Every structure is written in structure tokens, then in C-alpha cells.
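Since the structure comes first, as C-alpha cells, the remarks are kept for the end.
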Amino acid sequence: MTETQLKATATETATKTRKMGQVQALNEALDIALGVDPSVFLLGEDIQEPNGGGFGVHKGLGNKYGTTRVRHTPISEQAIMGAAVGAAISGMRPVAEIMLMNFVHVCADQLINHAAKLRYMSGGRTPVPLTVRTATGTGGGFGAQHSDMLEAQLVHAAGLKVVVPSNPADAKGLLLSCIFDDDPCVFVEMSQLYFAGKGEVPEGDYRVPLGKARIARAGSDVTLLTYGRQVGDCLTVAETLAADGIDVEVVDLRTLNPLDTDAVLGSVAKTKRAVVVHEAVRRNGFGAELAATIQEELFGELAGPVLRVTAPDTPVPYAKSLEDAFLPGPVRIEAAVRRLTKS
Amino acid sequence: MTAQVTQPAAEPDANVLVELFATATRIKLFDEKYLSLMKAGQIGGMYYSPRGQEFAAVSVAQHLRPDDYVVTIYRGLHDQIAKGVPLRDLWAEYLGKAVGSCKGKGGPMHVTSPEHGLMVTTGVVGSGIPIANGLALSAQMRGTDQVAVTNFGDGASNIGAFHEALNLASVWKLPVIFVCQNNEFAEYTPLSEGTSVARIADRAAAYGMPGESVDGNDPVAMWQAAGRAVDRARRGEGPTLLEANTFRFNGHLMGDQQAYMPKELLKEKMAADPVPRFRARLIADEVATEADLTAIEEQAAEEVADAAAYALAADYPDTAELDTDVYAPEVAV
């Protein structure tokens, strides 16, 4: 085993922690990866100093590691992703930033036709250890072309791994796992979480394994299956409902592919009720996959239908009133849980 | 205005000339055998014949080491053979057999053979161009003097990724050679109807790199131009756009009736078939004798027959292979 492979198998360990926000947690993960492995490098638009990227995630790294390993690119998403793919199949571990998830479509050919498939098409001879970091999410007034949650489209591409962290510690631990994973990973950062408050983050080379969900709150009456920003909303709802004697379990999926099916089914088998919550639009969203998986495995045990709380099937609106209505917030989540627990 | 490269041209020695002929002959005979088996109904699948374009591939590859990188496209047999992928591995992969270079999972449009430097064959027009940048970037960052070559057609020079990739390669001075094998047709559309320039090499000027347009069917001219581009990349002086003017004899893909193709043009081009033409030239220039070249052809025919027999007799992959190699096994969940 190489040193890198050893690191890739490291799991969550309790160590000293520090309080920090998600931007700092991501920055620390990148710093550690650059520090331990010379094959890691970062590329993306404006990521060098003084900007350190569109959201400042790369702050200080260009000065510390130089502009060869922290390199800014022209605004050329296809060229960025192609360069990352070529570097990855020839011994490097590139971390490419596609500033916003909507622009993943611009380079979808490189990501979906090439990064996702090269290992398979080559019979295992060209693995693609590539990480794509990308930010998105509703709530910042960015409107329809800068806010989409496109995770379902990426989960649909066999060969990709898809990760959506919900808190600073997971952001650090999952990003390090992605970088040292031998498959192409898309790491989705919900921009509202960048500034959503701090959390305790373990020091040092901290890894959260891919494909392992987290029970964010244990409960016995209903399971909320969610990820990213909506984990916080679900926890809020769980506390509200606890006052009414409804005991909600919140499962933070963390990675959508590979999906921790055991955790999903284990929780729903216990509570008999499931509500899927995500910010992406409803039709063909990841919630549909979860609902189908649950009914295939647990049909006879369910006390009610699997419900979905999602955004409506519209582009993301700009006006604050419409944007608020678009988001599947606590009010709608609570209503769904109440409806289901009455059945 | 094409930025012509002006270094003095090296002269290929007799060994190089004979080697160019031998490799082109292996490609020609592989193609002819493959087409004859397809026409006889013995094999099926997708096949994009590179007949007529042999020297655009072999003259470049002659300058490459096994550890240099090549990216090619679905019409890639000539590039794959020229880079040194063994005929047995290739033929078996083309037939989707378990002993193929990619266990039969890639097929003709997706051949990979990393130990021979053949890193990617893509079925998507132009998509390999930005990937070659990444291979070159990797070499540059690791401090090796490897170079990356990406082969593509004239049609590929019209996709966005081509333009993004040339710009990035120039900005980063990447050791990459963009080889446009201009066969005058983008699928069924002639160059003049889909491309804004008469010479693809002219597009290099927009990206601040040298562009050279040469007769890709002239092995000596092509070898010289490729040598200049490869040397330049290896010296760390950055990318070159090299246009090899050539022609394809068999249409876009098997079964293409070539309704779009002026008959006189095809007749004229096929009459100037570069492989026999070069054969005659080697004899006329007393580089090799008729007997030497016949011996090369006989040996190539044997190698092709052996590869075909090997592949035809081989097994298809076991269905247990269906869901392996999707993810790295050590972390698959």
C-alpha cells in the first residue's frame, strides 16, 4: 500500500478540535492535502492570491504553495475539466474548482463522458483520481443560473461519486477523503453554509469516509432523510416536534453516491415512516431515488407513503419572496412530518 | 497568416524511412483485413477506417517514446498502431474480447493502453484535446520531459473545447502537440462548409503558438514537421498546432455510401494512395529494394493474420465483468 492509500482508509477519529466555519474548514483540508502529497494541485478561476477563489476558499494557499500548484485558469470550464482529467490519469490528484455548479454543465462532456467512464472503458487501466469542488444553492439572491442543485444529474452518471457536506467538520473530512480517493468525486458546497456559523472541526488529517451517513439526531417516530443545508432545517423541525411528542430521526446522507443504503433502510425500518428533504427540484430529484429504494426494500413495513419535501419544478427565482417560497424550509418539512405521523 | 516554423529540417535516415513504411503497412493491412471480415459478415460493430491517413500518424509517432502520451479519437487505429499498441491487444479489443487492451469494455472507440502511452481514445469529436493538456501539465509539473500528442480531425477544430484548450496550452506553455489530421470532411460535411478557415493551422495565430500546415501524406515532410513540434515541446517551449493534410478513403464509417463525396475527388485521392506511393519512392531513391519491402509486407500480413486469428478465437468477457472497474475496488461501497 502506498502512503496515499493508507490515508484514504483513515476514518473519523476523535482528536483535538477548533471552532471554525466551512470556508476555513475547506481551506484547511486543501492545505493539508497540498502539504502531504506533491501530486495534489488546485486549479480554477481566480483561485490564486489575492482573491483565493470566488468565495475565498483558497485564501493563502497560493502564497504558501506557489502558483504552480495553486494555479488560476482562464474562464474555460472545458479546459479546466479536461486538464484535470488528463492530469488525473497520469499520476496527479487535481482538485478543480468549477466556481458554480450550474457551470458544471459547460464541462459536462469532460466530467460525464470522460472522468466518469475512463476507468470502466479502459478495463481499470486509467483510474481518474479527480476532485471537483463546486458551490451552489438558493438563498443568496443569485437567481436561476447560479443556484441550481444538480446532484441528481451527477448521481445518474455511473463512475462519479457525489458528496454534499452539511457542517464544517464533515466538509473538511469529506473533502480530504475525496482528494485521496481514486475515483472522480464531485464535492458540492452549498454557499449558504459558507457563512452559516462555526462548528468544532478536528485538527490535522481528519477523514470522513465516503459512503457513510450520519445519524444527526436519533428518533423513533419518523425519519427525515436529507443532506447539505437542509440538515439544519430538519434538526430545527425535530426540536419543534419533540415538544409535541413526535420523535424525529434525522439522517444526514453526506454522500449520495455511494449511498449508505444500510443507514437509510436501517432508520426507516425502525421508524416505519420517511420524509425526504432536499433543495433540488422535485421531479427526478434524488428524493425519487430514495423513495423508490425504500419501497423496494421495505414496502410491507411502512406505516405510510414516503413523502418528499423539495423545491417546486421551476427555475430558482430572484425576488426574495419567491426565493423564500422556493426553498423547502422548516414550515413545509414540519407539515410533511405531521401529515405522515397522523397516518 | 500561418506562423511557419523555420528551423532547418532534419533528414530522416534510411532506417526511419523504412520504419515509417513498415508501420504504415501494418495499419493498411490491419484495416484491409478488418474491412474484409466486416464485409464477409464475420465481425460487426462500429469501425472508422483510417485508410489514406497512415502517415499523419506514423510520422508523428516516430518521434515519440513509449512514455510520451497520445490521445486519439474514434478514427484512431493508425494512431494506436503507430504508438506501439500490440496488434493482438488491439484486434481483440476491437472485437470486444476479454484479452483486449481494455478487457473488451472499451471497444474501437475507447481504446486505452497506458504502458504504450496510448492514454485515451474518445468517441466524442474534439473531447480529447483538453485532456491532452492535462497529460502535458502532469509531465510539466512532475518535471519529466514527456510530451503529449492529441490527434483529431478538421471537424474537431470547430468545437469549443479545441479553442479553450489551445488558449490554455499557450498560456501555460504546455508540452503538447495538437495534430489536426485534416481529411477534408467532418463526418459528411466538407471543410469549406463548416470551417471558417481554409487551413486549420491558421487558427494557431489566435492562440499565440506556431501553426504548421503540411502534406500529411508525404512521410518525409510530415516527419520533419512533427520533429520540430515534438522537439519544441520537449525543450519546454510550448505547444504547436500541426495540420496534416490528408484524406480518408472509406467514408465516415462503415456502410457510408459517400453520397456527399465528389467521385472525381475520391478517385484522384485514391490514385495517390500514400502507402504504395511511398513504396515506389523508397525504391526509386534506392533506400530499399523491392525485395526488402515485399519482405516487410509479408511480415506485416503475418502479424495481422495472427492478431485476427488470436482475437477471433478469444472469449468474450465473463458477465461477472459487467460491474467491475466502475469504481476503485478498495473504496467501493
Side-chain angles (χ1 to χ4, degrees), chain A residues 1 5 8-9 38-39 41 43 68-69 71 73-92 94 106-107 109-110 113-114 116-127 129-130 158-161 177 181-183 209-212 255 257-261, chain B residues 69 71 93 98 100-107 109-115 119-124 126-142 146 148 159-161 163-169 171-172 174 317 321 323-333:
Chain A
M1 264 187 150
Q5 283 169 324
T9 58
S39 69
F41 74 101
L43 70 168
T68 297
R69 295 185 68 203
R71 52 174 63 221
T73 63
I75 299 174
S76 304
E77 280 82 8
Q78 297 183 72
I80 294 168
M81 194 66 78
V85 170
I89 63 175
S90 55
M92 305 295 283
V106 176
C107 51
D109 171 54
Q110 290 298 327
N113 266 325
H114 296 87
K117 297 175 183 172
L118 283 173
R119 173 190 280 278
Y120 190 79
M121 295 195 301
S122 66
R125 298 173 78 184
T126 48
L130 154 69
L160 291 183
K161 291 178 175 171
S177 290
D181 191 87
D182 285 337
D183 293 317
L210 304 180
K212 195 159 174 266
T255 57
N257 191 19
L259 176 66
D260 190 347
T261 311
Chain B
Y69 299 122
V71 174
E93 188 58 33
S101 64
C102 305
K103 300 188 196 169
K105 291 181 167 184
M109 285 204 272
H110 311 297
V111 171
T112 293
S113 188
E115 69 264 37
M119 300 304 290
V120 174
T121 300
T122 181
V124 185
S127 285
I129 302 171
I131 296 177
N133 272 351
L135 294 163
L137 172 63
S138 160
Q140 187 188 64
M141 290 186 72
R142 285 181 286 109
Q146 291 163 286
I159 78 161
H163 298 276
E164 289 193 13
L166 264 67
N167 179 64
L168 187 74
V171 170
W172 287 355
L174 296 177
E321 284 286 346
D323 61 357
T324 64
D325 303 318
V326 182
Y327 297 99
E330 60 272 26
V331 287
V333 174

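Residue numbers begin at 1 in each chain, while the letters A, B, ... track the order of the sequences. Because the structure is a prediction, the values reported are computed rather than measured. Heavy-atom basis, side chains included; hydrogens, waters and symmetry copies ignored.
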**OP:** Check the pair A:H114 / B:S127 against side chain to side chain contact (heavy atoms under 4.5 Å, CB included), numbers first and verdict last.
**Re:** CA-CA 9 Å; A:H114 296 87; B:S127 285; 3.2 Å; yes

**OP:** Determine, step by step, whether A:M121 and B:T112 satisfy the side chain to side chain contact (heavy atoms under 4.5 Å, CB included) criterion, reporting the C-alpha distance in whole Å, the side-chain angles of both residues, the deciding distance to 0.1 Å, and the verdict.
**Re:** CA-CA 8 Å; A:M121 295 195 301; B:T112 293; over 6 Å; no

**OP:** Please lay out, stage by stage, how A:Y120 and B:T324 fare under the test side chain to side chain contact (heavy atoms under 4.5 Å, CB included).
**Re:** CA-CA 8 Å; A:Y120 190 79; B:T324 64; 5.7 Å; no

Subject >> Test log, rule side chain to side chain contact (heavy atoms under 4.5 Å, CB included), inputs B:Y69 and A:I89 >> reply: CA-CA 11 Å; B:Y69 299 122; A:I89 63 175; over 6 Å; no

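Residue B:M141 touches chain A through its side chain alone, counting heavy-atom pairs closer than 4.5 Å. With a 4.5 angstrom heavy-atom cutoff, B:V326 touches chain A via backbone and side-chain atoms both. Within the 4.5 angstrom heavy-atom criterion, atoms from both the backbone and the side chain of B:A161 approach chain A. At a 4.5 Å heavy-atom cutoff, the contact between B:E321 and chain A is made by backbone atoms alone.
Minimum interatomic distance between B:K103 and A:G123 (heavy atoms only, all atoms of both residues): CE-O, 3.2 Å. Looking at every heavy atom in both residues, A:R125 comes nearest to B:S113 through NH2-OG, 3.8 Å. Nearest heavy atom pair, residue A:Q78 against residue B:G160, reads NE2-C, 4.0 Å. The minimum heavy-atom distance linking B:N167 with A:P74 is given by the pair ND2-CG, 3.7 Å. A:S76 and B:E164 get closest at one heavy-atom pair: C-OE1, 3.1 Å. When all heavy atoms are compared, the tightest approach of A:L43 to B:W172 is CD1-CH2, 4.2 Å.
Top candidate by heavy-atom pairs under 4.5 Å with chain B, chosen from A:G124, A:P127, A:C107, is A:G124. Put simply, of A:M81, A:E77, A:R71, the one with the most heavy-atom pairs under 4.5 Å next to chain B is A:R71. Of the listed residues (B:V124, B:N133, B:I131), the greatest number of heavy-atom pairs within a distance under 4.5 Å of chain A belongs to B:I131. Annotation: maximal heavy-atom pairing with chain A below 4.5 Å, among B:E93, B:K105, B:Q140, occurs at B:K105. Counting heavy-atom pairs closer than 4.5 Å to chain A, the top-ranked of the candidates B:P114, B:A132, B:A165 is B:P114.
The backbone N or O of A:S90 lies less than 3.5 Å from a partner atom in the side chain of B:S138, making a donor-acceptor pair. With A:D182 contributing its side chain and B:A328 its backbone, the two residues share no donor-acceptor pair below 3.5 Å.
Contact annotation: the side chain of B:V120 approaches that of A:L118 to within less than 4.5 Å [non-hydrogen atoms, C-beta and beyond]. At least one side-chain heavy atom of A:Q110 sits less than 4.5 Å from a side-chain heavy atom of B:P130. Side-chain contact check for A:F41 versus B:L137: some heavy-atom pair is nearer than 4.5 Å.
The OH atom of B:Y327 lies 10.5 Å from the CZ atom of A:R119; values are rounded to the nearest 0.5 Å.
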